[in-house]
Amino acid sequence: MHEGHEQMFRRRFFVSTLLSIPVLLYSPFLQETLGFSVPVFPGSQWINPVFAVIVFAYGGMPFLRMASPELKDRSPGMMTLISMAITVAFIYSLASVVFPTQSAFFWELVTLIDIMLLGHWIEMRSVRRASSALDELAKLMPDTAERITGSGGIEEVPVNELSNGNLVLVRPGASVPADGIVEDGESDVNEAMITGESKPVGKEPGDEVIGGTVNGDGSLRVRIDATGDETTLAGIMRLVEEAQSSKSKTQVLADRAAGWLFYVAVGAALLTAVAWTVATTFNATVIERVVTVLVIACPHALGLAIPLVVAINTSLAARNGMLVRDRIAMEEARNLDAIIFDKTGTLTEGKHGVVGTVTVDGVDEAEALRLAAAVESDSEHMIARAIRVAAAEQGIDVPAADDFEAMKGRGVRATVESQEVYVGGPNLLEHLDRDVPANLRDFADEAGENARTVVYLVREGELIAAFAMADVIREKSYRVVDALHDLDIEVAMLTGDAQDVANAVADELGIDTVFAEVLPEDKDKKVQELQDQGKLVGMVGDGVNDAPALARADVGIAIGSGTDVAVQSADVILVQNNPMDVVRLVKLSKASYRKMQENIVWAAGYNVFAIPLAAGVLAPIGILLSPAVGALLMSLSTVIVAINAQFLRRVDLDLPSLPGTSPSGSPRPAD
């Protein structure tokens, strides 16, 4: 819609400006003022009225058409004011042709229309560019896909003909046609257009891929599990569209102010007409003052001030992996007093990892981890997976194990390099009747105080090492807590874990408030507790079992929902599973609201000073504004508001600029 209006105003501006040239050349006022003359010929006196009528009919008609709905809805606004101004000027100028004693201002009429068209062209262009997020998202999805047939052949089909269960080939450099699961092949996939994360994500069999993302150098065979409106990209587009169409509190206020301004303008115009008629007489000057007041009072800039910031904000947020469902919540994020994080999967990895190792003399940590990983190679227990991951991260070559045995309630055993090796907890030591060396005992005691699980490694009957296991804290969690503290926001943690486990994580991160041993159905009550203290509370969770708390919070933030964007309980969805995006969200909210305030001041402040000036309060000292100058000033205020809103694109969401943080990737700018 904005693109269509942009082209329409652009076309009419250039045509109307071209048709205005004869009117300007044959204007007696301009000839006298600028000291030039043009050839006069029979009928030349009709150049001004004829061309002015054409300009009014062609260039002014869009304003008249758009004023009609305002009048029908009994909510007169900007288009009604513009229509009144150009209609009064037009009728008065035509009357001057019938009554030659009256002065006409045809040149003022055509330049007024030209400048109005220019202003609206600039406005539509700014809004269209700011709203381009939807267009850019739509372009991500390819038109065709290569579907693999039952016989193994490949057929090219339109994407809209794909259905769940189809197997498609995604060649290197091609876009993934729909959401699905990788069945064969390995590659790096660029998901930046969806998540905002510039680093390609490795994909292998079993991994999810998102429609619209771009495959790297490898070839993938993907089993489709979502098409059409069910895809992640379609969900993102719905959220972006909802956000751009929803109104913030500031926008509602601006809309009301624009409505009030119509009545202020009409009242000022009537008062101006009466005052000038009493002071002088009813003549062209009175009409000129009235038209100027109506033109200069147009709430053009006020109508653009907030929607343009909203459009840029939404585009910038979407390109950085932040999907806004509720504009008011986005605006409120700047005022948050406290943010509650769900612990598991948000502040922590949601899986156990090796967080500490100690060995007896003569055994190094790498050797102990090598043996433990070998024994645990056939186990699917979460501790076994954590040990294997730790060995892989250190690049340890794990030997093969034989005679694996799971010892219920105690641990596991296996033969590694002809040695009998056990891995298990305290029950294993009791079963084997082994004493614990002093350094391992101290290590176990300290781990217990920090609510960590300890497993032991026994080789050939000798206890040689101990490993501390815990739900691994994300490295980014340390930075996000520091950053929020520097922004004067209290950080709280919510978890169903035991109090000592929760306290250990909270102490490690420097969290202010801890809610532990909380059942899922009671999480929203903890949000209410902080709200009862008069605090504006944000809740960060996974959007599934945290739904009641997300709904209760003043700002509900679902994190890590890249493949499930339709989280109905959240106000804002962070596509990446990155808690640092919460800090980005707060910063963007603050910057956007600041731009809204600045634009309101530019727009409303202009009218406060311009209306009295247009009415002629400075006439006693010889300062009078013509309708064309009034239109120019009105358009200038619109341009200033548009340019100021564009500066929001420069807001630095890169993490190094945030207090208490270190580098962690760069944000993606809006178009």
Side-chain angles (χ1 to χ4, degrees), residues 206 343-345 348-473 496-498 500-505 508:
K343 181 183 80 70
T344 305
T348 67
E349 296 284 358
K351 56 187 178 183
H352 274 68
V354 177
V355 295
T357 304
V358 65
T359 62
V360 298
D361 293 338
V363 179
D364 62 30
E365 293 184 6
E367 172 64 13
L369 193 56
R370 188 178 77 93
L371 292 174
V375 175
E376 297 283 15
S377 60
D378 289 337
S379 174
E380 287 303 315
H381 193 276
M382 62 179 180
I383 289 179
R385 289 196 297 269
I387 291 175
R388 292 199 301 270
V389 169
E393 289 176 348
Q394 296 184 28
I396 295 174
D397 187 14
V398 178
D402 300 315
D403 302 327
F404 175 82
E405 177 188 356
M407 305 169 64
K408 187 175 181 180
R410 295 185 176 90
V412 295
R413 64 161 295 282
T415 301
V416 182
E417 298 174 338
S418 302
Q419 303 175 94
E420 186 177 49
V421 183
Y422 294 83
V423 177
N427 289 341
L428 174 67
L429 300 185
E430 185 177 336
H431 172 72
L432 297 176
D433 194 20
R434 292 292 181 269
D435 293 330
V436 181
N439 66 324
L440 269 65
R441 186 185 307 112
D442 293 341
F443 175 79
D445 290 343
E446 182 180 355
E449 292 174 0
N450 291 318
R452 295 171 176 171
T453 301
V454 177
V455 295
Y456 299 93
L457 176 67
V458 178
R459 180 180 62 184
E460 290 294 303
E462 180 186 0
L463 178 56
I464 62 172
F467 305 95
M469 318 292 293
D471 188 358
V472 181
I473 297 175
D497 289 347
D500 54 352
V501 175
N503 288 340
V505 174
E508 180 77 12

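The number of heavy atoms from other shown groups lying within 6.0 Å of CG (D397) does not exceed 12. Counting non-hydrogen atoms of neighbouring residues, nucleotides and ligands closer than 6.0 angstrom, the CG atom of D402 exceeds 12 such neighbours. With a 6.0 Å radius and a threshold of 12 heavy atoms from other residues, nucleotides or ligands, Q419 has its CD atom above the threshold.
Using a 4.0 Å cut-off between a side-chain N of Lys or Arg and a carboxylate O of Asp or Glu, R413 and E420 qualify as a salt bridge.
No donor-acceptor pair closer than 3.5 Å links the side chain of R410 to the backbone N or O of G424. Side-chain atoms of N439 come within 3.5 Å of backbone N or O of T359 as a donor-acceptor pair. T348 contributes a side-chain N or O that, together with a main-chain N or O of K343, makes up a donor-acceptor pair within less than 3.5 Å.
Using a 4.5 Å heavy-atom threshold, the side chains of P437 and L463 count as touching.
In this view, R459 satisfies the side chain to side chain donor-acceptor pair (under 3.5 Å) rule with no residue, not counting sequence neighbours. E365 is linked by a salt bridge (Lys or Arg N to Asp or Glu O under 4.0 Å) to nothing, counting only residues two or more places apart in sequence or in another chain. Evaluation of the side-chain contact (heavy atoms from CB on, under 4.5 Å) rule for A391 yields L369, A373, I396, V398 as partners, not counting sequence neighbours.
The residue from V375, L429, L428 that alone fulfils the side-chain contact (heavy atoms from CB on, under 4.5 Å) condition with Y422 is L428.
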